[in-house]
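Given the structure is predicted, the values throughout are model-derived calculations rather than measurements. Just so it is clear, the values below take in all heavy atoms, side chains as well, and ignore hydrogens, waters and symmetry mates. Here is how names work: the chains are called A, B, and so on, in the same order as the sequence lines, proteins then strands, and each is numbered from 1.
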Amino acid sequence: MFDWSNCDSYNVICVSEGDKLEAENFIEEIILKDLENKRFDCVQTRHPPEPSGYLHIGHVRNIILNYGIAEKFGGVCNLRYDDTNPTKESQEFVDAIQEDVKWLGYHWNQIHYATDYFQKNYEIAIEFIKKGLAYVCDLSPEELSKSRGTLTTPGVESPYRNRTIEENLRLFEGMKNGEFKPGERCLRAKIDMASPNMNMRDPVIYRIQTNHHQRIGNSWKIYPSYDFSHPLDDCLEGVTHSICGPEFEDHRPLYNWVVENSGLKNHSRQIEYANLYIKGAILGKRFIKKLVQDGKVSGFDDPRLYTIRGLRRRGVLPNSLKNFVKATGVSKSNALIEPAFFEHFVRDELNSVSKRVMAVLNPLKVIITNFEGEEDVLLEDYPQNETTTQRVYKFTKELYIERTDFEKVPPPKFKRLFPNGEVRLKGAYIVKCVGFDEDKDGNVTCVYCEYDKNTKSGSDCTKKVKGTIHWVSEKYSKKIEVRLLDNLVEEESADVVEGQEHAVDDYNINPNSLVILNNCLIESDVEFNFDDRYQFLRMGYFCLDKDSTNEKLVFNRTITLKEGKF
RNA sequence: UGGGGUGUAGCCAAGCGGUAAGGCACGAGACUUUGACUCUCGCAUGCGUAGGUUCAAAUCCUGCCACCCCAGCCA
């Protein structure tokens, strides 16, 4: 449990007077002003996920903001699970969230749980009752809902609103002791049933909850609602700035009402920012869950998903994700971002760290008719780095090229192989196509080439050809499985934005979102591991998938190379 | 319809009374043993809209329009 003796000593690291920090967004502007005005003399944030689902790309902005701002201002950020609803939550998610945050490279100061504060919340609730700010209401959920009024008509006050403090205290104690069933009674804040802000119409701040809780079991029978526990926990923990999504904007008056009446020393400030969506990305915990349940994807780490683990399995690096989110900025208008923007940051990082390897996804056999034996050629591992290492590869008579790199009749501006055309085989020789075989359907089955022995890579060969293609030696290659990933959702239905009720059912699943290629060939002497990233020359960026076995390596294509114009 | 929030290019986004940053996308060109990368150039007489204030307005004022959020004992 949380050590309350320390709860007033949270302002450990403070921004020193001499530091001149510049605000990078409106939230930091607010923080800077608070510091200048001495409203706070330090900054503390919190990352408050509810353990009811896996983290996805939409959560990253909140994570970056909370952990990032704490770091920038020399403060701390605690991970605090908002675990006040056992009907939705589980330990599985608790564990997964920590794993994902770590993977992103962030460090929390302490881990707390909203349930840690239940005793304190309860004590404060009693104070609210004693001050006449809260009352036990016997209305059923249906009755309560009706009495709340509508957007345009005020609510009506509960007949239980003016119970005596003593009766409220006794009833609340009864709720706590399990004397009533869920829904039978609740504790409500006494604010204003006529408020134009629905959240201020005597909101429920405690309800009876008998489900088993992943952390505290059945020890508590009453649970504070978010609107009551969150502001309190922020203050108790020493949070100065409580950064949250736009849906809580309307709750801010309630947040402040709770804070101001709590009697707590620290008064936290809630700041809301807008959500980030990606066109065609299915976000939203319940939508993702449905995809998994319906078997539309293989699990929460399906590489087509925008969950943190999905992206991770796909091969996206944490910094790409962070750079992307940072580049979207922070504003108060919801952003629906084009996937191309995200992809740019994925490629940007992969380009600089990926080892270059030759792999043929869709093999077409080539025979070099005038070549015998085998010969060493040199290939650069990291040509994007000046200090790249090199490796030796074998050039042989029989090899494979990409089927799409040969055309019987070349279209205009075609730069690769065609009858009588010349092309360079990457790192090796310039070859000329001197013929090909085809089956009775007209499919090319083998291409015959002659190599020009004066054109070896690295020699001072002056001959130039328009195209360079990748290849793999038949003898020095091995078979791999490659998974090509594409948008899970068909483009036509991609306009549907997360947040809309009908979302998942309106999406059309793209049948080609996962294409498995079983007969790909790759250089046999390169060693692969799970931590590294690879560029299969001209074919995109790949990473090893967890489904790999000793017999067969499985690669996911994280993303294609940018497609040039031709 | 009440309340809250938001509208700057195809997508994000700076801008905070002095004459529209930047990124992505897109287009043109250079380079290239990856049609990648890199580089160069281009890309809003215009800031949701209509008025008003001002020497000067995306910035201030007023009206209107559009979109998002709120009527869980969810968060």
Side-chain angles (χ1 to χ4, degrees), chain A residues 25 29 48-50 52 82-85 87-89 114 137 139-141 144-146 148-155 182-188 195-201 203-209 222-223 225-227 229-230 244-253 272 274-276 279 285 324 327-345 347-348 351-352 356 358 380 383-384 413-416 423-428 430 455 457-458 461 464-470 497 499-500 535-540 560-566:
Chain A
N25 52 249
E29 260 173 44
E50 184 192 17
S52 60
D82 240 327
D83 59 345
T84 56
N85 184 2
T87 63
K88 288 186 174 178
E89 302 156 6
C137 181
L139 254 27
S140 71
L144 198 158
S145 177
K146 272 183 196 156
R148 197 172 348 248
T150 70
L151 296 179
T152 50
T153 57
E184 229 173 83
R185 284 180 224 266
C186 63
L187 185 71
R188 292 225 262 163
S195 172
N197 181 346
M198 300 296 291
N199 297 297
M200 300 299 268
R201 319 244 265 224
V204 171
I205 56 174
Y206 260 94
R207 78 278 196 183
I208 297 168
Q209 171 62 266
I222 50 171
Y223 279 65
S225 61
Y226 168 90
D227 283 317
S229 68
H230 205 95
C244 64
E247 68 273 30
F248 295 109
E249 214 142 16
D250 285 345
H251 294 243
R252 189 171 358 118
E272 313 85 16
N275 287 146
L276 177 160
K279 194 175 178 184
K285 292 171 182 173
F324 159 69
T328 63
V330 186
S331 70
K332 295 204 66 163
S333 60
N334 282 167
L336 211 212
I337 295 168
E338 294 173 339
F341 192 61
F342 174 57
E343 291 167 359
H344 169 261
F345 293 93
R347 287 195 187 96
D348 193 47
N351 176 238
S352 62
R356 311 289 136 124
M358 294 204 289
E380 292 178 319
Q384 73 277 30
K413 296 194 177 172
F414 187 72
K415 290 168 66 171
R416 287 106 71 187
V423 75
R424 173 173 290 280
L425 294 178
K426 176 73 182 178
I430 290 176
T455 61
S457 277
C461 146
K464 298 280 181 198
V465 285
K466 277 192 287 185
T468 298
I469 62 174
H470 60 100
V497 183
Q500 296 180 3
Q535 186 198 98
F536 292 178
L537 238 49
R538 305 204 302 133
M539 302 312 288
T560 61
L561 257 33
K562 209 174 158 186
E563 308 261 341
K565 288 280 161 293
F566 54 94

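- The salt bridge (charged side-chain N to carboxylate O under 4.0 Å, His left out) test applied to A:E272 returns A:R252, A:K332, not counting sequence neighbours.
- Residue-level contact check: A:F248 touches the bases, meaning some heavy atom is under 4.0 Å from a base atom.
- Regarding A:N275, its CG atom lies at a distance of 12 Å from the P atom of B:A13, rounded to whole Å.
- At the heavy-atom level, A:K466 lies nowhere under 4.0 Å from the strands shown.
- Applying the 90° cutoff around 0 to the glycosidic angle, B:G5 is assigned anti.
- Distance A:E380 CD to B:C37 P: 18 Å, rounded to the nearest Å.
- The gap from the C1' atom of B:C65 to that of B:A50 amounts to 10 Å, rounded to the nearest Å.
- Judged by distance alone with a 3.5 Å cut-off, a donor-acceptor contact links the side chain of A:R416 to the base of B:G35.
- With a cut-off of 3.5 Å on both Watson-Crick or G-U wobble distances, the partner of B:A58 is given as none.
- Nucleic acid contact for A:S225: sugar-phosphate only, since backbone atoms but no base atoms lie under 4.0 Å from a heavy atom of the residue.
- Across the protein-nucleic acid pair, A:R347 atom CZ and B:U34 atom C1' stand 14 Å apart, rounded to whole Å.
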For nucleotides 14-16 of chain B, give me every protein contact, N/O to N/O, under 3.5 Å, one pair per line with atom names.
from, atom 1, to, atom 2, distance (Å)
B:A14, OP1, A:V330, O, 3.4
B:C16, N4, A:E29, OE2, 3.2

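- Listed nucleotides B:A25, B:U34, B:A75 differ in distance to A:P383; the shortest reach to its side chain belongs to B:U34.
- The residue A:S145 sits close only to the backbone: its heavy atoms come under 4.0 Å of sugar-phosphate atoms, none of a base.
- Pair check for B:A28 finds B:U40; Watson-Crick or G-U wobble, both atom distances under 3.5 Å.
- Below 30°, between 30° and 60°, or above 60°: for A:F324 and A:F342 the angle between ring planes is above 60°, a perpendicular geometry.
- Of all nucleotides present, none satisfies the Watson-Crick or G-U wobble test against B:A21 with each distance under 3.5 Å.
- Nucleotides B:G27 and B:G10, compared at atom P, are 16 Å apart to the nearest Å.
- Pairing of B:C73, defined by two Watson-Crick or G-U wobble distances under 3.5 Å, is not identified with any nucleotide.
- Residue contacts for A:G467: at a heavy-atom cut-off of 4.0 Å it reaches no nucleic acid atom on any strand shown.
- Taking atom C1' on both B:A9 and B:A14, the two are 14 Å apart, rounded to the nearest angstrom.
- Annotation: of the two residues near RNA chain B, A:G458 and A:N197, the 5′-most nearest-nucleotide partner is A:N197.
- A:D348 has its CG atom 10 Å from the P atom of B:A25, to the nearest Å.
- Residue A:T150 is classed as a base contact, given a heavy-atom separation below 4.0 Å to a base.
- In this structure, B:A9 makes no Watson-Crick or G-U wobble pair, since no nucleotide meets both defining distances under 3.5 angstrom.
- By the side-chain contact (heavy atoms from CB on, under 4.5 Å) test, A:V465 is found to be paired with A:E422, A:R424, A:I430, residues two or more places apart in sequence or in another chain being considered.
- Note on A:K464: a side-chain N or O is less than 4.0 Å away from OP1 or OP2 of B:U33.
- Taking atom C1' in both B:G29 and B:G22, one finds a spacing of 23 Å when rounded to whole Å.
- Nucleotides B:U1 and B:C64, compared at atom P, are 11 Å apart to the nearest Å.
- Under 3.5 Å, the side chain of A:R424 and the base of B:U33 form at least one donor-acceptor pair of N or O atoms.
- Among the atoms of the strands shown, only primed sugar atoms or phosphate atoms (P, OP1, OP2) are found under 4.0 Å from some heavy atom of A:K562.
- Comparing B:G46 with B:G3, their C1' atoms sit 33 Å apart, to the nearest whole Å.
- Residues meeting the side-chain contact (heavy atoms from CB on, under 4.5 Å) test with A:E338, sequence neighbours left out: none.
- Within 4.0 Å (heavy atoms only), A:F414 reaches at least one base atom of the nucleic acid.
- Following rounding to the nearest Å, A:N199 (CG) and B:C74 (P) show an atom-to-atom distance of 14 Å.
- Among residues two or more places apart in sequence or in another chain, the side-chain contact (heavy atoms from CB on, under 4.5 Å) test is passed with A:L144 by A:L139, A:R148, A:C186, A:R188, A:V204.
- Note: CZ (A:F342) to C1' (B:A13) measures 19 Å, nearest angstrom.
- Closest approach to the A:P196 side chain among B:C74, B:G2, B:A75 is made by B:G2 (side chain taken as heavy atoms from C-beta onward).
- Rounded to whole angstrom, the span from the CD atom of A:E272 across to the P atom of B:C68 amounts to 19 Å.
- Here the P atom of nucleotide B:G35 and the CE atom of A:M539 are 11 Å apart, to the nearest Å.
- With both pairing distances under 3.5 Å, B:U33 is matched to nothing as a Watson-Crick or G-U wobble pair.
- Partners of A:T328 under the side-chain hydrogen bond (donor to acceptor under 3.5 Å, both in side chains) rule, at least two apart in sequence or in another chain, are A:R61.
- The residue A:T84 sits close only to the backbone: its heavy atoms come under 4.0 Å of sugar-phosphate atoms, none of a base.
- The nucleotide whose nearest atom lies closest to any side-chain atom of A:S457 is, among B:U33, B:C73, B:U1, B:U33.
- Across all strands shown, A:Q535 has heavy atoms under 4.0 Å from base atoms, whether or not it also approaches the sugar-phosphate.
- The same atom, C1', is picked in B:U6 and in B:A58; the two are 15 Å apart, to the nearest Å.
- In this structure A:R538 satisfies the salt bridge (charged side-chain N to carboxylate O under 4.0 Å, His left out) test together with A:D405, sequence neighbours excluded.
- The phosphate of B:C24 (OP1 or OP2) has a side-chain N or O of A:H344 nearer than 4.0 angstrom.
- Between B:C31 and B:A36, the two P atoms lie 14 Å apart (nearest whole Å).
- Within the nucleic acid shown, A:R148 comes within 4.0 Å of sugar-phosphate atoms alone, with no base atom in reach, counting heavy atoms only.
- The side-chain hydrogen bond (donor to acceptor under 3.5 Å, both in side chains) check on A:N334 picks up nothing, with sequence neighbours excluded.
- Contact annotation for A:H251: base contact, defined as any heavy-atom pair under 4.0 Å involving a base atom.
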Could you go over nucleotides 5-11 of chain B and give all protein N or O partners under 3.5 Å, atom names and distances?
from, atom 1, to, atom 2, distance (Å)
B:G10, N2, A:E338, OE1, 3.0
B:C11, O4', A:E338, OE2, 3.0
B:C11, O3', A:L336, O, 3.0
B:C11, O2', A:L336, O, 3.2
B:C11, O2', A:E338, N, 3.4

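- Nucleic acid contact for A:P141: base, since at least one base atom lies under 4.0 Å from a heavy atom of the residue.
- Here B:G72 is in the syn range [glycosidic angle within 90° of 0].
- Note on A:L139: a base of the nucleic acid sits closer than 4.0 angstrom, heavy atoms only.
- Across B:C74, B:G23, B:U34, the shortest atom-to-atom separation from the side chain of A:R356 is found for B:U34.
- For the pair A:M198 and A:D250, nearest-nucleotide mapping onto RNA chain B gives the more 5' position to A:D250.
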